[in-house]
Amino acid sequence: MVKVAILGAAGGVGQPLSLLLKLSPFISELSLYDVQNPEGIATDLSHINTNSVCTGSDKKDLQRALTGAQVVVIPAGLARKPGMTRDDLFRVNASIVRMLCLEIGKTCPEATVLVISNPVNCLVPVAAETFRECGCFDAGRVLGITTLDIVRAESFLGDVLRKTSGQPQNKGTMGQKISVIGGHSGKTIVPILLEKSVQETVGLRAYEALINRIQFGGDEVIQAKKGAGSATLSMAYAGYEFTSAILESIVHGGASPNTKKRAHLPAYVYLPDLPHGAEAQSKLGTTAVTYFSLPVVIRSGRVVDVDVSILDNLTTLEKQMVSVAVPPIASNIDKGRNYVAKPA
Ligand code: NAD
Ligand code: LMR
C-alpha cells in the first residue's frame, strides 16, 4: 500500500483528482497539501468509507506531507485564463515547482513525481534539474503528465468516427487507435494514428480538424468556462489514470496484470537516461530534444523505457507535425534548465 502526496490538492484539478484517488484500493494514505485550507478537503474526503487515510497539510507542514510518500502528484500553481498561453504561467509556476521539488529532494528523494502544472514542457526540466542539484535525479521518476491529450484524442476521434459511421464508438481504448507524442502545448502536441486507415475513413478535412481540436483542446475548455479557469475534471480523470498505472505497477511488482487499457500511456520524460532514449532521439533526428512525450513502459512505480516503435511508419503529415514540434520543445527545455541554472 502506497502513500500518495498531492501538492495543490485544494485546486480545480487537485480536488477531483483527490476524490478519484480516494477510491483507489492501492493507497494507504492520501496526503493533501496546499497553501489554501487543505484541512477542509482532507476532512471532507475522510468521510468517504474507503480504506485510505486522508491528511491535510499546509505551508508549515510540507515536510510532514511528503514524509514516506512514494508517489507525488503536482497540480500546484496558476491556471490559464482566456487569452493566456501556457508559457505565460512559467515564472510563477516554475518557482512553485522548484520550491516543492527542493523539499521532495530532501524528504522523499525516491518518490515518483508526476508534474501536472503548466507549462509541462518547461516545468519537467525545472523539476529534473532541481533533483539533479539534490543528487537524486532519476529519469524514470520525473514524469510530465500528458495523459489528457490521449484522453482527448480518443474522445474526439470517437466523435468523428461516430459521425462518419453513424454507429456509437467505444472511446475507452486508450492507445489503440490513436496516441499522442511530443509535448503539452499547441503544435508540440502530436497526435499519431495507430490505425492509419482512420485518416482515409474519416477524410482529410475531418482528420485535419481532429488534429487541430486535440492540439487546442485546452483552449476549447478555457473558452467554454468563460474566465473560470482551465480543464479540471477531465484532467483529474487523466491524472487518475496515469497515477493508477504507477500505483498498480508498485502494488503488483512488475507490470500490472489488469492494466491493458493503461499500457503504454505516454509521458514526457528525459530520454538520454532511458534504454531506448537515444534511439528515440535519433528517430526524431535531433539530440536537442532531451525530453519528449512517448509511450512509456512502467515497472515497479517508475518508467523503465520508452516505446520507440510509434516513431516508425509515420505518415508524411505526422512527420511534418513532429518536425514542427521539435524546435519549440527544445527551447522550452532550455528555458526550464536555464531557470534552475540562473533563476531570475
Ligand atoms: P487552481 O488555481 O484551481 O489550483 C491551483 C492550486 O495550487 C490552488 O489550490 C493553490 O492554492 C495551489 N497552490 C498555489 N501555490 C502553491 C504552492 N506553493 N504549494 C502548493 N499548492 C499551491 O488551478 P488548476 O485548475 O487546479 O490547475 C493547476 C495547474 O495544472 C495549472 O498550472 C494548470 O495549467 C495545470 N493543468 C495541467 C494539465 C495537463 O494536462 N498537464 C491539465 C489541466 C491543468
Ligand atoms: C489543458 O490542456 O487543458 C491544460 O494544459 C490546461 C490549459 O492551460 O489548457
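We count ligands from 1, going down the list as the structure has it; atoms in each ligand are counted the same way.
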With atoms numbered from 1 as shown, which atoms in ligand 1 lie under 4.0 angstrom from a non-hydrogen atom of [X]?
| X | value |
| --- | --- |
| A76 | 7 (O), 20 (C), 21 (N), 22 (C) |
| V120 | 41 (N) |
| Y33 | 19 (N), 20 (C) |
| A231 | 43 (C), 44 (C) |
| T232 | 25 (O) |
| M99 | 18 (N) |
| N93 | 32 (O) |

Problem set entry | Parallel, tilted or perpendicular: rings of F26 and H252 (30°, 60°) |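 Aromatic pair H252/F26 classed perpendicular.
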For this session: For ligand 2, list the protein residues that place a heavy atom within a distance below 4.0 Å of one of its atoms, sorted by chain and number.
Result: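 Within 4.0 Å of ligand 2, protein side: R80, R86, N118, L148, R152, H184, G218, I222, S230, A231.
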Exercise. Does a side-chain heavy-atom distance below 4.5 Å link Y270 with R132?
Worked result: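 Yes, their side chains come closer than 4.5 Å.
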Problem set entry | Non-hydrogen side-chain atoms of I74 and L100 separated by less than 4.5 Å |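 Yes, their side chains come closer than 4.5 Å.
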Problem set entry | Closest to atom 16 (C) of ligand 1 among N118, I222, V35, I189 (heavy-atom distance) |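 Among N118, I222, V35, I189, the closest heavy atom to atom 16 (C) of ligand 1 comes from V35.
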Compute the shortest N/O to N/O distance between [X] and ligand 1 and return yes if it is under 3.5 Å, no if not.
| X | answer |
| --- | --- |
| D34 | yes |
| G14 | no |
| I116 | yes |
| L7 | no |

For [atom], which protein heavy atom lies nearest, and how many Å away is it?
| atom | result |
| --- | --- |
| atom 4 (O) of ligand 1 | G11 CA, 3.2 Å |
| atom 40 (O) of ligand 1 | H184 NE2, 3.1 Å |
| atom 5 (C) of ligand 1 | G77 O, 3.2 Å |

Exercise. Do the side chain of T43 and the main chain of E39 share a donor and acceptor less than 3.5 angstrom apart?
Worked result: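 Such a contact is found between T43 side chain and E39 backbone.
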Exercise. Sub-3.5 Å donor-acceptor pair from the side chain of S117 to the main-chain atoms of A76, do we have one?
Worked result: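 Yes: the side chain of S117 pairs with the backbone of A76.
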Exercise. Do D149 and H184 get their side chains close enough for a donor-acceptor pair, meaning under 3.5 Å?
Worked result: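 Present: a donor and an acceptor within the cut-off.
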Exercise. Under a 4.0 Å heavy-atom limit, does K59 contact ligand 1 with its side chain, its backbone, both, or neither?
Worked result: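 It is neither part, as no heavy atom is under 4.0 Å.
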Problem set entry | Part of I145 within contact of ligand 1 (heavy atoms, under 4.0 Å) |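 The answer is the backbone of I145.
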For this session: Please test D312 against K283 for salt bridge (Lys or Arg N to Asp or Glu O under 4.0 Å), starting from the C-alpha separation and ending with a verdict.
Result: CA-CA 8 Å; D312 300 327; K283 287 185 188 210; 2.6 Å; yes
